[in-house]
Each structure stands twice: as structure tokens, then as C-alpha cells.
Amino acid sequence: MSQLVQIKLEGSLYSVEKGTLLKDFLSAQKLKRTPMLAWINGQMKDLNENLTEDVEIQLVYTEDKNALHVLRHSAAHLLAHAVCELFPGIQIGIGPDIENGFYYDFRKDEPFTPDDLSVIEDKMKELASQNVPIEKVVLSKKDAIKMFANMGQDLKVILIEEKGGTEVTCYRQGEFIDFCLGPHVPSSSHIKNFKLLSISGAYWKGDEKGIQLQRIHGTAFFTRKDLSIYLNLVEEAKKRDHRKLGPELDLFSFNESLGAGLILWHPKGAAVRRVIEEYWHEEHFHAGYDILYTPHVAKLDVWRTSGHTEYYDALYPPLLSEGIEYQLKPMNCPFHIMVYNSRQRSYRDLPFRWGELGTVYRYERSGVLHGLLRVRGFTQDDAHIFCRGDQLEEEIKGVVILAKKILTTFGFTDFDVLLSTCPNNFCGAKGDWVKAEATLARALNDIDQDFTIDEGEGVFYGPKIDIKIKDALQRSWQLTTVQLDFNLAERFELGYIGEDGKVHRPYLVHRALLGSLERFFGILIEHYNGNFPLWLAPVQILTIPIADRHHEYAESLETLFRKNNIRTSVDKRREKVGYKIRDAETSKVPLILIVGDKEVENQTAALRIHLEGDKGEINVNEFLEKVRELIKNRSLSVNFLKEGYHQKT
Ligand SMILES: [Zn+2]
Ligand SMILES: [Zn+2]
């Protein structure tokens, strides 16, 4: 007699034969829609599960975020399936889903061409339309290795040897089979709305000296609409690329003869940076921070004490001077610690909050450098907090509140907060970690900040909180990080004299809110498409005199604005007014004033607002007051003069 198991689904109880496939059970239920996955006793599984015990099931449909990840993983399999049919004998590497899409790595001597992409895409569509079921196959390790070896899939054999247990899970769709833990969507027909996006080089296991592979990137969505929205965003991102806008707007440049990954800030870019720095200093001053300045190099021994020489692989080779080795600094921490250790500290002195816009140098492979986002020399908006255990919670709260305030001022309001906990290889005592993690969580709860726990993703030296923001193109960027450090506190023997007269170890917190000024600037440029809000714009007001005889008046306006700390200039070129206006629009100056005979006589100007057009004649003093107010309030609104501004009639 066969055994039965009980299934609880949407409030109803069912009995089925033990070992029934979930998908067979579900197809008997005549559901209105096909689920993609299921939570089975709290675990995410696909419909290939055998029901071998009493279970509670919640079905997962296409709207669920988890389903989208799985769809993309299945799309990666479909890609490999298509490639294997089109290029017999090709070897396949790995193919995961990633943020915004998926990829698969292939080993093939001749490079894929852009034409190949459309052929592969067509093949994928053909396979998808055949509605091939995606099935789980469990094999013994020996059989799995034999099968992939027979197919000539040597890379898969390596993976199974390394990662496979006694039983190896594979997924099959038609002729194609892959070593994979799943889960997957039920059949190829769900993979309808996808697009292959690019081909790039990759290395087997990321090892540069290892086997060279070719990576095909793509994206997939459940609906055609979602796919087209995403593809539009990709197109828009290309237009806004800061590597294109930076030189176009004369903000910054790179120079091969200077060296890769090193930035030259031009006057306009530097003007924006200075505004960011001034604002940063102001907020930090208000939040009780003091500012430090520290050197760019230090004796190599400092980095031996900190552990960087041993564990950190982004160090430049040391410099030798008078027989002593010096190290270009990759971080600011040891310097701040030295300031702390420069005198005895008492429990009454704590906390210290010390900030520095500290420029550091890290060696990055030239292949991974990317505009302002990944560079070799950059300025962290760094700070270190030294505090007692009973102060930690308040300090963490303070950092998160400050980060959100500053990011909001720059126009970022969508926050995603992660709390990363103890990894497998951690330093210090586990008990300290548990206590610190609880303190971080309490701090976030206390300020009503939602957060996700990233289990085991802390750095080896302590738990951390990361804040990600979303930009105008819905891309996610991690900016803020707040990290506890048990390691450096130990290595540099930090201490303070407690109320009990004994020496205690303070907590050391590293934190950067914007990350680095370079990367943050790159993100800002793309977020605003170069149309910076008035308070950040490199040139805030440009005055265009119609003829030479209006220069004197234009210059008097320039002097007036400058006296009011407004970044301004006058276009005195002998060009037609229309040409100069177009030029001003291209360089994205927020406010343009045009002055001719009438304006000189009336002591007024004709105002034009970038992206909005002509606003008519304005009274200079009223205009100046409004502009000062908008800058002072760090107003973000693009149509900032529409309301509350009285146009002269
Ligand atoms: Zn897979
Ligand atoms: Zn640090």
C-alpha cells in the first residue's frame, strides 16, 4: 500500500501519494495561472520537487522578485542551450542571474560577433516557443562526471569534482543539460521577453592567468512592457554616461600620459567638488565632527602593523627614501588612530568623531578601471568614531541620520539599508560580534529605519551597515558604509581609562557617506544628466550681452553676482546671440540672462531658464534675492523659478 503525505495549500488540505511531483499535484488542482516557484515549508523551490513529507506550500507567481531572479537564471540556461545547438563542441562555463539580467560564459577559440548575438537570440526564441519542460535530474557524482566528460564539457567536470556532493543535481531541457542547483521556471515558454546585450571577455573562475572565456550578457523580464522600460533605461544610461558628459561639459579628463585611473578635475568639475566639500564640512561640523588632515604616505611599518601589507592586495609598491620604505596610503585609518593614540584618553573624552576628505591610492587592474567610478586615486569622505560601548548605539544612529540627510540634499531619497553580519572567517570574539550586531540592529530600529540582514556578509573585522540609493534611472548604488572594526582596535592597542581607572578598548567605527568624491560625482552627473540643480551647477548664471556696447552692463552684473558668491560668467564672444544661447543650453547653465539696449536702460535682464525657455524681463535685484534663496536652500527643483517669482510685467 502506498504512503500518503498531507499538503496544505491556500488554506485547504490535500492528501497525495508520497513522492508525487509538485507540478503533477498542481496541474490536478486546475489553477487559474501557472506558478513559477513555491515556498515549501519556508524554502524556495521549483515545481520539480518531490513531495515526500507533510508540507505547507505557498505558490510564487511572476510578480514576485524571487521569480524574476529565477527567470533570468533560466534565461541563462536557454542561452547556453541555444549556443550549444548553434556551435556544437563549444564548452560552457557558468551562467548565473545577476542584478538586471544574466550571463553565460563560453570557451570558444573564435570570438563571438555582434551578428552571432542576433542568431543566438533567434535560436533562443525558437527553443522558447517549443515549450520545453525544464526538469531536475539527480545523478550520482560518478555518473554526472562521466556524462559531462562524454559531452566534452571539461569545465563542468571540474566544477562537479569540486562542488558536487555524492548526489549531483542537474537541470535538463531537451538536449541540453547543466550542472545546477536550480531552481528554474517550469518550462522554456516562460522565457519570452529577453534581450542579449553584449559580449565581453572573462576568465575561468576570474583568474587572469587562467582559461579565457567569452561572456554573453542579457536581460529578461516576464512582461514585454518591463523589458522595454529596462531597454529604454539602458539607452538613456548610454546618453548620460559620465565618461561622455564629463569631457563634453568640461568637468574632468583623463590623460594617458598621466596614467590610467587618475583624474584631472577641470575648473568646472572642481567648482562642483568644492560645493560638495563645503556642504559636507558644514553638515559634519553641525553633527559634532572635527576635521583632520593626514599625509599621503607613511613608513611601510605602519601598514605592517595595520595588516595591510599582509592582507590587502591593492597596495602600490613601496617607495624607497634614505633606506626607508614608504607606502602610498590605501586608507586613512592608521593616521586617525595615531592621532587618537597621541595622548592618553579618558572615558570622559569619548566619543571622538574625526573626519577627513582623505585621498588614497589603490592599485586596480587597468581592465577594471571605469571612468570616475573605478579609479586609482580617490578621495574618501572618511571619518572614524572612537566611542565607548554605551555610546555605540547613539553614534550609529547619528551616522545613519547624517548619511540620509546629506544624500537627500543631493536628491537621493530611495534608500536600501543592509546590515551585514559575522562571516565565516572573522577576527575577535564571537560574543563581541553578536553584541555589536544587536546594537547596530537596535540603532536602526530606533530610528524606524527598515533594513535587510545580509547574513555572513560582514567584513572579517566587524559587522557593517551599508546604504544603497537608487538614481534617476532606477540603478542601485552603494554609497554609505558604516563598519565596526575589532581588528585595528586590537592591532593598534586602542585604549581609554575608564571610570574604574582601568584601561578599556574603545569601539572603532569607520564610515564614509558618499563613498568617494570621484565616484559620487560620476553618479551625480548621470543622475542629473549633467543638468545640475542650481546650488551645484558649475556656472549658475551666464550673461549674454547682445552687442559690445552691452559688455559694461553685463560685467557689472557679473561683479554683483560674484559678490553674492554666485558662480557666473559673461559670454563676450563675437557670435550671434542665438548661437551663444544654444551654446549655453548645451553647457547646461541653469540661468541665462540676455542684455541689450532695453535692459541696460531699465537696469533689467531677459531671463532664460535651461530646459524651460524664455521667462521675460526681470528686475535684477528681485532675481538676485530669489537665486540666493534657492542656493541657500539647496533647492533641487528644475522649474525653480515658476512659483514665488514675480516677473516684471
Ligand atoms: Zn544553472
Ligand atoms: Zn577607516
Side-chain angles (χ1 to χ4, degrees), residues 37 46 48 69-81 83-84 92-98 101-106 134-137 144 148 153 155-156 159-160 163-164 168-173 176-185 188 191 218 220 289 292 294 298 302-303 305-308 311-312 314 329-340 352-360 362 378-387 395 399 459-462 464 480-492 494 506-513 515-516:
L37 303 156
D46 61 30
N48 285 298
H69 286 293
V70 171
L71 174 77
R72 288 168 175 172
H73 182 186
S74 299
H77 278 221
L78 186 65
L79 162 63
H81 186 178
V83 168
C84 287
I92 59 174
I94 57 162
D97 73 286
I98 51 169
F102 61 87
Y103 69 78
Y104 215 110
D105 286 345
F106 301 97
I134 303 174
E135 288 164 325
K136 186 160 138 180
V137 186
F148 281 103
Q153 294 296 351
L155 300 177
K156 288 288 162 188
L159 285 180
I160 296 169
K163 296 188 178 170
V168 169
T169 307
C170 295
Y171 274 81
R172 180 191 290 284
Q173 51 191 79
F176 177 77
I177 188 158
D178 200 349
F179 167 49
C180 178
L181 284 173
H184 281 282
V185 297
S188 67
I191 317 163
Y289 283 74
L292 306 182
T294 64
V302 173
W303 309 103
T305 309
S306 67
H308 284 92
Y311 299 111
Y312 200 68
K329 73 169 164 182
M331 289 184 187
N332 306 299
C333 335
F335 300 90
H336 292 199
I337 289 171
M338 281 174 165
V339 176
Y340 181 90
F352 291 110
R353 303 181 197 103
W354 290 338
E356 178 181 13
L357 295 172
T359 304
V360 298
R362 296 180 186 173
F378 57 94
T379 304
Q380 291 180 305
D381 69 316
D382 209 355
H384 294 92
I385 296 171
F386 303 83
C387 69
E395 290 305 314
V399 174
V459 222
F460 76 92
Y461 49 76
K464 62 166 182 168
T480 302
T481 186
V482 192
Q483 309 185 347
L484 252 59
D485 194 329
F486 298 123
N487 182 47
L488 285 187
E490 197 75 38
R491 281 175 173 266
F492 284 93
L494 292 182
Y507 278 91
L508 168 62
V509 180
H510 312 262
R511 40 115 294 181
L513 308 186
S516 87

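Start at 1 with the first residue, then count along the sequence. Numbering of ligands and ligand atoms starts at 1, following listing order.
- If you look at Y340 and F386, their ring centroids are closer than 6.0 Å.
- Listed by chain and number, C333 SG, H384 NE2, H510 ND1 are the protein N/O/S atoms closer than 2.8 Å to the Zn ion (ligand 2), with waters left out.
- Across all their heavy atoms, W303 and M331 have their closest contact at CH2-O, 3.3 Å.
- Shown here are the salt bridge (Lys or Arg N to Asp or Glu O under 4.0 Å) partners of D178, two or more places apart in sequence or in another chain: K156.
- Aromatic ring pairs are classed by plane angle as parallel below 30°, tilted from 30° to 60° and perpendicular above 60°; the pair H308 and Y312 is perpendicular.
- The aromatic rings of Y311 and F460 sit tilted, their planes meeting at an angle between 30° and 60°.
- When the ring pair (Phe, Tyr, Trp, His ring centres under 6.0 Å) test is applied to Y171, the partners found at least two apart in sequence or on another chain are H184.
- Counting only protein atoms, the N, O or S atoms lying less than 2.8 Å from the Zn ion (ligand 1) are H73 NE2, H77 NE2, C180 SG, ordered by chain and residue number.
- Under the 4.5 Å side-chain criterion, counting only non-hydrogen atoms from C-beta, N332 is in contact with V360.
- Between L508 and L484, every side-chain heavy-atom pair lies at or beyond the 4.5 Å cut-off.
- Checked against a 6.0 Å centroid threshold, the rings of Y104 and F106 count as neighbours.
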